[in-house]
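Worksheet for the structure shown next.
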Amino acid sequence: MPSLTELLSPNEVVARVRRDVERSVLRARNGIKHVAGIDRAQVGLTPKDTVWDRHKVQLWHYRRPEGCPVRFDPPILLVMSLVSRSYVLDLRPGNSVVEFLIGEGFDVYMLDWGVPDEVESGNTLETYCDEYLPRAVEAVCEDSGSPDVTMWGYCFGGLLSVLSVAGNPQMPIRNLLVMATPTDFRHMGPMSSMLQQGRIELDSIVDETGNVPADVIRGSFKVLKPTADLSSYANLWENLWNDEFVEGYQAMTQWANDHIPFPGACFRQTAELFNRGNHLAGGEVRLGRRTVRLADVTVPFLNVVGEADHIVPPDAVGALASLVGSADVEELRLPAGHVGLVVGKGARRRTLPAMADWVRRHSEARS
Amino acid sequence: MAVDSADRVLGPASEQLVRTEGFADVIGLVSRMRYLALKRTERMFRQQWHLWNLPAATDVRRLSEQVASLERQVRDLTRELEDRGRPVRANRSNGSAPPPASSVSGSSKGASSTRSPGGVRA
């Protein structure tokens, strides 16, 4: 077999060697920085203002760059999951749902749940669905001057959004969009199955604060793909010379290991109502002193499913689109994973434009 | 690459393993044993500290829970008072939404918004 020097011209060989040496130097530099923890990724950088807060919950309104006016109404309210950091929706410049939506002409708000402690251990589904969300929506309306809002929920945030909209008909919601929202908990993975079967006692998971600790949450995600870290490190080694790759990797890894404790009361309710009772899949959930019916969601509704989602598999999203009572219902199945729906090149090129298009079609253009 | 090849074999196998009854049994057992060990250790240390009339971690936790419970009661009462004073909105199905409520319960920040140039909350 001919050697490399026989295949390439002398100049090409020199260029290849120079490139490899440069990459080795960069690899060493980035490797040291990564191991030493220097130059950590900066995340959640889109400028914002806190326009409302209640207890540890904050409502953020994102500022617009010069020459980028709002072109569509109503504003969008992003609702995140309770156990993951909200900055995944604003990960890095060029890789941000918030930045994308602002560029598309939408007015963007985000609800950040904060980090729960002993006090929040008593928070229930009702706290989020009947107290925080309706008040946050009112705050968006007051701050923006809009009579209503497009609610956009992600993962467990989608579940809270659906229940809140269904159970509070007075909420001024124009449209409801949910991504990767668990509905049929029979298909939610091994930890959910263990809860269903009673193999894990709920008291054994909750810590001294009354919440499910962040490292338990992290472990339950990691067990879904036990070898993910291995291939992730291998990719990092392969691309350690590439500054942009390393920054993106660090940002993503930081988020994937940066979970939030799950309020204990809400966890117990979720385990009883959803993991064990699977009530959401039946379209009715007992919330507060009444039964909330998903059929009472009558606003335009988009259900987004990641076909490669291993955290909320397509089967777990189930028949959500058929459970709501909206006349205008669409389901969008996209070739993306759970995080790939919002982060990465695929999100920028495919998934976000598809979702933004639906919102645009259900919004009014400003004159 | 060698790691990719290994992952192609190990990945699906490990994902299958964590979905087996055996794995679930092990996790359930480990979880239960860890919980019992923690409770036993707490009880042992509590007895030791109390022999010297000193507070144990469980005493501090109980106080912390009581304070948290009080705060939750205050929050509940505040919410009930707010709900009584909130204007009644028309349901979505009854027609177009009325103008936004003049008072939004929670802390609204108008002209004096907390400006954060970016970055993650602690």
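Each chain gets a letter, A, B and so on, in the order the sequences are listed, and its residues count up from 1.
Residues Arg19(B) and Leu224(A) form a side-chain contact, since some pair of their non-hydrogen atoms from C-beta on lies under 4.5 Å apart.
For chain A, the nearby parts of Glu21(B) are the backbone and the side chain; heavy atoms of each come within less than 4.5 Å. If you measure heavy-atom distances from Tyr62(A) to chain B, you find no contacts under 4.5 Å at all. Contact of His61(A) with chain B is not made at all, since no heavy-atom distance falls under 4.5 Å.
In this structure, Ile27(B) CD1 and Ser193(A) OG are separated by 12.5 Å, a value rounded to the nearest 0.5 Å. Atom-to-atom distance recorded for Ile200(A):CD1 and Arg32(B):CZ is 12.5 Å, nearest 0.5 angstrom. Rounded to the nearest 0.5 Å, atoms CG (Asp76(B)) and CD (Glu131(A)) are 8.0 Å apart.
Taking chain A as the reference chain and counting heavy-atom pairs below 4.5 Å, the highest number among Glu71(B), Arg34(B), Glu65(B) is found for Glu71(B). When each of Ser14(B), Gly28(B), Ser31(B), Ser69(B) is scored by its heavy-atom pairs under 4.5 Å with chain A, the top score falls to Ser14(B).
With salt bridges taken as basic N to acidic carboxylate O contacts below 4.0 Å, one links Glu82(B) and Arg54(A).
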Exercise for the section: Kindly determine whether Asp83(B) and Arg135(A) satisfy salt bridge (Lys or Arg N to Asp or Glu O under 4.0 Å), including the steps that lead there. Expected result: CA-CA 11 Å; Asp83(B) 286 345; Arg135(A) 284 165 169 78; 2.9 Å; yes
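The nearest pair of heavy atoms linking Phe23(B) to Val223(A) is CZ-CG2, 3.7 Å.
When atom types are taken as modelled, the side chain of Arg75(B) and the backbone of Val119(A) share no donor-acceptor pair closer than 3.5 angstrom.
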Could you pull out every donor-acceptor pair under 3.5 Å between side chains of residues 205-216 of chain A and any protein atom, sequence neighbours left out?
{"residue": "Asp207(A)", "atom": "OD1", "partner": "Thr209(A)", "partner atom": "N", "Å": "2.9"}
{"residue": "Asp207(A)", "atom": "OD1", "partner": "Thr209(A)", "partner atom": "OG1", "Å": "2.6"}
{"residue": "Asp207(A)", "atom": "OD1", "partner": "Gly210(A)", "partner atom": "N", "Å": "3.4"}
{"residue": "Asp207(A)", "atom": "OD1", "partner": "Asn211(A)", "partner atom": "N", "Å": "3.3"}
{"residue": "Thr209(A)", "atom": "OG1", "partner": "Asn211(A)", "partner atom": "N", "Å": "3.3"}
{"residue": "Thr209(A)", "atom": "OG1", "partner": "Asn211(A)", "partner atom": "ND2", "Å": "3.3"}
{"residue": "Asn211(A)", "atom": "OD1", "partner": "Gly264(A)", "partner atom": "N", "Å": "3.2"}
{"residue": "Asn211(A)", "atom": "ND2", "partner": "Asp117(A)", "partner atom": "O", "Å": "3.0"}

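Counting non-hydrogen atoms of neighbouring residues, nucleotides and ligands closer than 6.0 angstrom, the CZ atom of Arg290(A) exceeds 12 such neighbours.
Near-neighbour residues of residues 36-64 of chain B relative to chain A, defined by a heavy atom under 4.5 Å from a heavy atom of that chain, comprise Arg61(B), Ser64(B).
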